[in-house]
Amino acid sequence: MGNSANTNKEKVLVTSALPYANGRIHLGHLSGAYLPADIYVRYKRLNGDDIIYICGSDEHGVPITITADNEKVSPKVIIDRYHELNRLAFEKFGMSFDIYSRTSLLIHHETAREFFKTYFDQGLLVEKKSLQFYDEKVKMFLPDRYVEGTCPRCGNEEARSDECEKCGSLYEPSELKNPKSKISGETPVLKETSHWYFPLGKFQERLEKYVSEMSEKFGWKENVLQYCRGWFKEGLKDRAYTRDLDWGVKVPVDEAEGKVLYVWFEAVLGYISATKELSQKRNEPELWKKFWQMNDTKYVAFIGKDNIVFHTIIFPAMLMAWNDIQSDKYILPQNVPANEFLNFEGKKFSKSRGWGVDVLDFLDLFPPDPLRYTLAANLPENKDTDFYWKEFQSRNNGELADILGNFINRTFTFVFKHFEGKVPPLGKLDKIDEDMIKLIEEYPVKVGELIDRYKIKDAVFEMMNLARAGNKYFNDSEPWVTVKKDKEKCATALNICLNCIYTLAELFEPVIPFSTEKIFKMLNSTKCNWNTSGRLNLKEGHLLGQSEILFTKIEDKVIDEQINKLGKPDGDVKPVDEEITIDDFKKVKLRVAVIKNAEKVNKSEKLLKLKIDLGNEERQLVAGIAKSYEPEQLIGKKVLVVANLKPAKLFGLDSQGMVMAVDTSEEGKVKLIEIDNSVSPGTLAK
RNA sequence: GGCGAGGUAGCUCAGUAGGUUAGAGCAGUGGAAUCAUAAUCCACGUGUCGGGGGUUCGAAUCCCUCCCUCGCUACCA
């Protein structure tokens, strides 16, 4: 019954996905990989386990260089900015990382190169030479999906550089006709390059065994297994380990000038290098090995669902490959409790659409604990869930303030009024008292088991249930009656209530640490080992501290204000638009057209086939507006059309031009630019 | 169109080794109480468990089929 101290301590290594230093983190990130991990870690610490919690910024890869180019600064500026912002956001939110490192540090580059070199020297990596398109304007090799042209087999004009998805044929980039860079629009040139590939396929059998064994032993989540099965079913293929790019970890081979390690084969190693950094900081050189290279370590990797393949397949494969060759062997993740996604008021987070809220902005408005509690009570453990402002308000007001806060407040007020702020003596116990004492004692066990099984949502629900039980016990004991008739009985009830609060403080510490710290202070006490927290630890006569209101209510108008802000992109996301000259603009011929006819394009979700009248000619045009308009409502509308756009084929249909439309706050939906009825078709816009 | 997930009370959801009257929180209605941040506690649900078909003595839970929603993906010139 949880009355023995923790005798078999676990050695636990916990990591949370490294956030990408190319933007601010928002509430969805917290729900996916950070808050559940923090709750788990804080619980484990209270439980007396030997645990470290590792995280840091992922600072390489193409998107960061693109942001840097757009702002005309170096990538270093970008990563420094977001590393610092996200570190601060985590700190304010109460994340208890043992270290928040970053992959731009030398120790990480060295670690990543060491892995590559090990594979390379053993001949594990497969070198493949190929001709790749190179964009001379932006001076970079173009990934396949950034090039398009005409398929040499079927004539499809939107083929990628190495395959055509229309006819399914594969070919060499040199065969592609009329290649265009999707980045600059220029015609790229072919340049020979070579890359090393990691032979994932060789590891498939062992990976499948690894996943099924771990899952069987440690109960992996169903959603994680589903993703793995999908990848295994498709068959694992060789994956390029290097990229032609100058931002990242340089490939440690002479002939690899201008190449870096592909960020996904390098970022996951950030967990290891961050632990090495922690080792240095603590001046315990063996610390990282104790966690990473001794097989009594339980390694748990918290991530969001988009990251599953990297943590259940690629990272384990890399570690296996290392272990095959080296004498110091790494342990593999024992569990990867990936969460699904948190949406925001019914739709997914989108910074550009102003949908959602980032962590720093949120914490400027509200304290961290109500957010931690609301997110924790609604984690996307089994499926996507939503953050609703109204729910946030109701969890804060109805649960934290009314149930938990008020229970604590009514107890303290009573004890100060009638017992001089000291823990009253425990007298003769009636059945109701014995039942309550027993109930309190059961909670740490029950909640602990749930957290151990990563059922954090359920654990949080149980925590609040103890507060509910506290209120019920208070009501049923009627101390406001017994204080006059039977002071001993009254004292007993308050003693038990105070001890219930002590247990609540311990149970809630992983979820709302800022508030529980206050509760411990009010109790003039400190946290204890988890397993002893359900007992009657506060003794008769113990002097209590100053009491305070823990959670203030949030007014409707504060919440309404936030709801009203939704869908309005905030001012600080200004895309930096490239300047053009008036002559550039004059190349574009925008003309007014009347829509004569509109019909759906077969088998397409977004496309409509339009017949338009440009005054002196009729044209067919294919537009991606099917999600926004029904064909019937379009007929007769006067719209603006790019008249001199090079014709294209879409779904086999000719499209001569493009209708102008603007984005809306609703994803995938647009609004046509409509022209006043008095303007005649064919009129040029300027 | 391809792949994946999901459709259970007004709302948010739990519930699969198939089995007595299908659950919780919130909201709503009624009541008790007054120590407390007008906070608490108790009582109250005629829900086609998305539709249809099937397997079974018995299905929300297994199979088939259809409908709808969401995500990724293709198409958005």
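Taking the six-membered ring for Trp and thresholds of 30 and 60 degrees, A:F392 and A:F366 have ring planes more than 60 degrees apart, a perpendicular arrangement. In this structure, A:F520 and A:Y502 have perpendicular ring planes: the angle between them is above 60°, well past the 30° mark. Ring orientation note: the planes of A:H418 and A:F414 are tilted relative to one another, at an angle of 30° to 60°.
Judged by distance alone, the side chains of A:N471 and A:N475 never bring a donor and an acceptor atom under 3.5 Å apart.
Take A:R591 and apply the salt bridge (charged side-chain N to carboxylate O under 4.0 Å, His left out) test, not counting sequence neighbours, and it matches no residue.
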Dump every N/O contact between nucleotides 36-40 of chain B and the protein below 3.5 Å, one line per pair.
unit_1, atom_1, unit_2, atom_2, d
B:A36, OP1, A:K417, NZ, 3.3
B:A36, O3', A:N409, OD1, 3.1
B:A36, O2', A:N406, OD1, 2.6
B:A36, O2', A:N409, OD1, 2.9
B:A36, N1, A:R410, NH2, 3.4
B:A36, N3, A:N406, ND2, 3.0
B:A36, N3, A:R410, NE, 3.2
B:U37, N3, A:F551, O, 2.6
B:U37, O4, A:F551, N, 3.3
B:U37, O4, A:F551, O, 3.4
B:A39, OP1, A:K553, NZ, 3.2
B:A39, O5', A:K553, NZ, 3.3
B:A39, O2', A:D402, O, 3.0
B:A39, O2', A:N406, ND2, 2.3
B:U40, O2', A:R410, NH1, 3.3
B:U40, O2', A:N475, OD1, 3.2
B:U40, O2', A:N475, ND2, 3.3
B:U40, O2, A:N475, ND2, 3.0

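A distance of about 32 Å separates the P atoms of B:C3 and B:C11, rounded to the whole Å. A distance of about 14 Å separates the P atoms of B:U65 and B:G4, rounded to the whole Å. Nucleotides B:U69 and B:C44, compared at atom P, are 39 Å apart to the nearest Å.
At a threshold of 4.0 angstrom between heavy atoms, the contacts of A:Q226 are confined to the sugar-phosphate backbone, with no base atom among them. Across all strands shown, A:V622 has heavy atoms under 4.0 Å from sugar-phosphate atoms exclusively, and none from any base. Contacts of A:A623 with the nucleic acid, taken as non-hydrogen atoms under 4.0 Å apart, involve only primed sugar atoms and P, OP1 or OP2.
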**Item:** CA sep, side-chain torsions, deciding dist, call: A:D369, A:S515, side chain to side chain donor-acceptor pair (under 3.5 Å)
**Value:** CA-CA 7 Å; A:D369 278 352; A:S515 305; 2.6 Å; yes
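Comparing B:A5, B:A77, B:U12 by their closest approach to the side chain of A:N378 singles out B:U12.
Taking a pair to require two hydrogen-bonding distances under 3.5 Å in either a Watson-Crick or a G-U wobble arrangement, B:A38 remains unpaired. In this structure, B:A60 forms no base pair with any nucleotide, since neither Watson-Crick nor G-U wobble geometry is met with both distances under 3.5 Å. Using N1 to N3 plus N6-O4 or O6-N4 for Watson-Crick, or N1-O2 and O6-N3 for G-U wobble, each under 3.5 Å, B:C26 pairs with B:G10.
Straight-line distance from the CG atom of A:L590 to the P atom of B:A77: 14 Å, rounded to whole Å. The CD1 atom of A:I308 sits 13 Å away from the C1' atom of B:G71 (whole-angstrom rounding).
A sub-4.0 Å separation between OP1 or OP2 of B:C13 and a side-chain N or O of A:K383 is absent.
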